Amino acid sequence: MIPYQQPDASGHFGPYGGSFISETLTHAIQELQDAYTRYQNDPAFMAEFHHELAHFVGRPSPIYHAARMSREQGGAQIFLKREDLNHTGAHKVNNTIGQAMLARRMGKPRVIAETGAGQHGVATATICARYGLQCVVYMGSEDVKRQSPNVYRMKLLGATVVPVESGSRTLKDALNEAMRDWVANVDNTFYIIGTVAGPHPYPMMVRDFQSVIGKESIVQMPEMLAAQGCRGPQPDVVMACVGGGSNAMGIFHPYITHEGTRLIGVEAAGEGLDSGKHSASLQRGSPGVLHGNRTYILQNEDGQVTETHSISAGLDYPGVGPEHAHLKDIGRAEYVGITDAEALEAFHYLCRTEGIIPALESSHAVAQAMRMARTMRPDQSILVCLSGRGDKDIGTVADLSQADFYCRPSCRGQAVKGGVAVNLPVAGVRA
Ligand SMILES: *Cc1c(COP(=O)(O)O)cnc(C)c1O
């Protein structure tokens, strides 16, 4: 067992994390810290959390042995932790339920959130609808345009979506605006952050709520491995995509002390790690302060946060959770990059080989698993966190494949010509 006890009392993971906030938020952050400290050890709170996960989300999510994929890749057995089967279609809801429960107990009737692709916004609006909380979601106006189905979903669920016109009009600007709202409305407002970032206690709290992914996996894997004749009781490798890093921390955390298991985080390499067009904060960034914590960020020589790029909106963030920065520094986790093209290829491959349409974010982890499985033996194993389903991405994929897609506004009312499967890249095996 590798000893691991992070963060320290002030929210530091080694030199990372902490709480870099304005004077006006110190009270709100202290209040949140006190509430979380109290309820994380409260059996009634935890029982309700797990009841919600079971009855509203549909947990535990299954682990699936990707048999055809494993056979075709010709190496390690690949297993998928099916977060795509959760209600709302991704891991994000695990966290929004936990934080919304805290908001209720703290007597905050109003919830705010930031969102990029809209996935966290939808997961927040969903639980606010269920709990009767007022919900305001900040979203860059660029993203509002790009992600109109999720904007409409949030509205259907009763949320107010506020387009943010500042900066690059994307996720980081939405985060700044949400912080501003919180400062002005601390008395009645709870801020639900969507990933393992922000000031302490958010990175720890979001990790704890998402750790249900890894805790279930540790229970499920021994039997799964035995059934395939793999070495057990736990997988040789656990793998997940890293945007802010919450699905990865969720599956990694219970495995950190298991020294036999390698942990691999997959960042978005966009058009290549050396192209300048990527979102690989851990591999191409440097330490700095962003959104209330110290971590790896993509910045220029003057400390200005630089523009990021990824095919998947959910990985398109210039920072990363501080615990990943720490795990990288101590060498407990490794971080690699997968390009847009590789992720897209893995997306199509999983659709056709296993009958699963993965989120483009998750497709980065699938691509890395394919690459790595070939270098391993058939009695070895890789567990991939399939963080979400890809229904939200089919418009993007259809555009990239120049396929006809009946939902595109430009062809509304036209017959589907030949379906979506035109000009798809050949789902194949790279040497
Ligand atoms: C938001 C999102 C991600 C990226 O967020 P993390 O905090 O890095 O997990 C990954 N996959 C899906 C499906 C998402 O919606």
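Just so you know, these numbers come straight off a predicted model, no measurement behind them. Both ligands and their constituent atoms are indexed starting at 1 by order of listing.
Ligand 1 lies within reach of Gly245, whose nearest heavy atom is under 4.0 Å from it.
Set against the non-hydrogen atoms of Ala359, the atoms of ligand 1 under 4.0 Å away are 13 (C). Ligand-side atoms of ligand 1 in range of His91: 2 (C), 3 (C), 9 (O), 10 (C), 11 (N), 12 (C), 14 (C), range being under 4.0 angstrom from any heavy atom. Close contacts of ligand 1 with Gln119, meaning ligand atoms under 4.0 Å from a residue heavy atom, involve 15 (O). Atoms of ligand 1 lying under 4.0 Å from any heavy atom of Cys241, numbered from 1 in the order shown and given with element: 10 (C).
The N/O atoms of Gly243, backbone and side chain alike, include one that comes under 3.5 Å of an N/O atom in ligand 1. Considering both main-chain and side-chain atoms, Leu315 never comes within under 3.5 Å of ligand 1 through any nitrogen or oxygen pair. The N/O atoms of Glu361, backbone and side chain alike, include none that comes under 3.5 Å of an N/O atom in ligand 1. Of the polar atoms of Thr195, at least one N or O is found under 3.5 Å from an N or O of ligand 1, judged by distance alone.
The single protein non-hydrogen atom nearest to atom 6 (P) of ligand 1 is Ser246 N, 3.3 Å, given as residue, atom name and distance.
Side-chain polar atoms of Tyr36 and Asn41 form no donor-acceptor pair below 3.5 angstrom. A donor and an acceptor atom, one from each side chain of Tyr16 and Asn293, are nowhere located under 3.5 Å apart.
For Leu85, the CG atom counts as densely surrounded, since its 6.0 Å shell holds more than 12 non-hydrogen atoms of other residues, nucleotides or ligands.
Using a 4.0 Å cut-off between heavy atoms, Lys92 contacts ligand 1 through its side chain alone, with no backbone atom that close.
With Tyr4 as the aromatic partner, Arg332 does not meet the cation-pi criteria of under 6.0 angstrom to the ring centre and within 45 degrees of the ring axis.
Between the CD1 atom of Ile264 and the CE atom of Met372 there is a distance of 3.5 Å, given to the nearest 0.5 Å. Atoms CG and CG, from Leu386 and Leu80 in turn, are 5.5 Å apart once rounded to the nearest 0.5 Å. One finds the CD atom of Glu114 at 12.5 Å from the CD atom of Glu177 (value rounded to the nearest 0.5 Å).
With salt bridges taken as basic N to acidic carboxylate O contacts below 4.0 Å, none links Arg82 and Glu216.
Of the listed options Gly388, Ser387, Gly194, Gly314, Ser387 places a heavy atom closest to atom 12 (C) of ligand 1.
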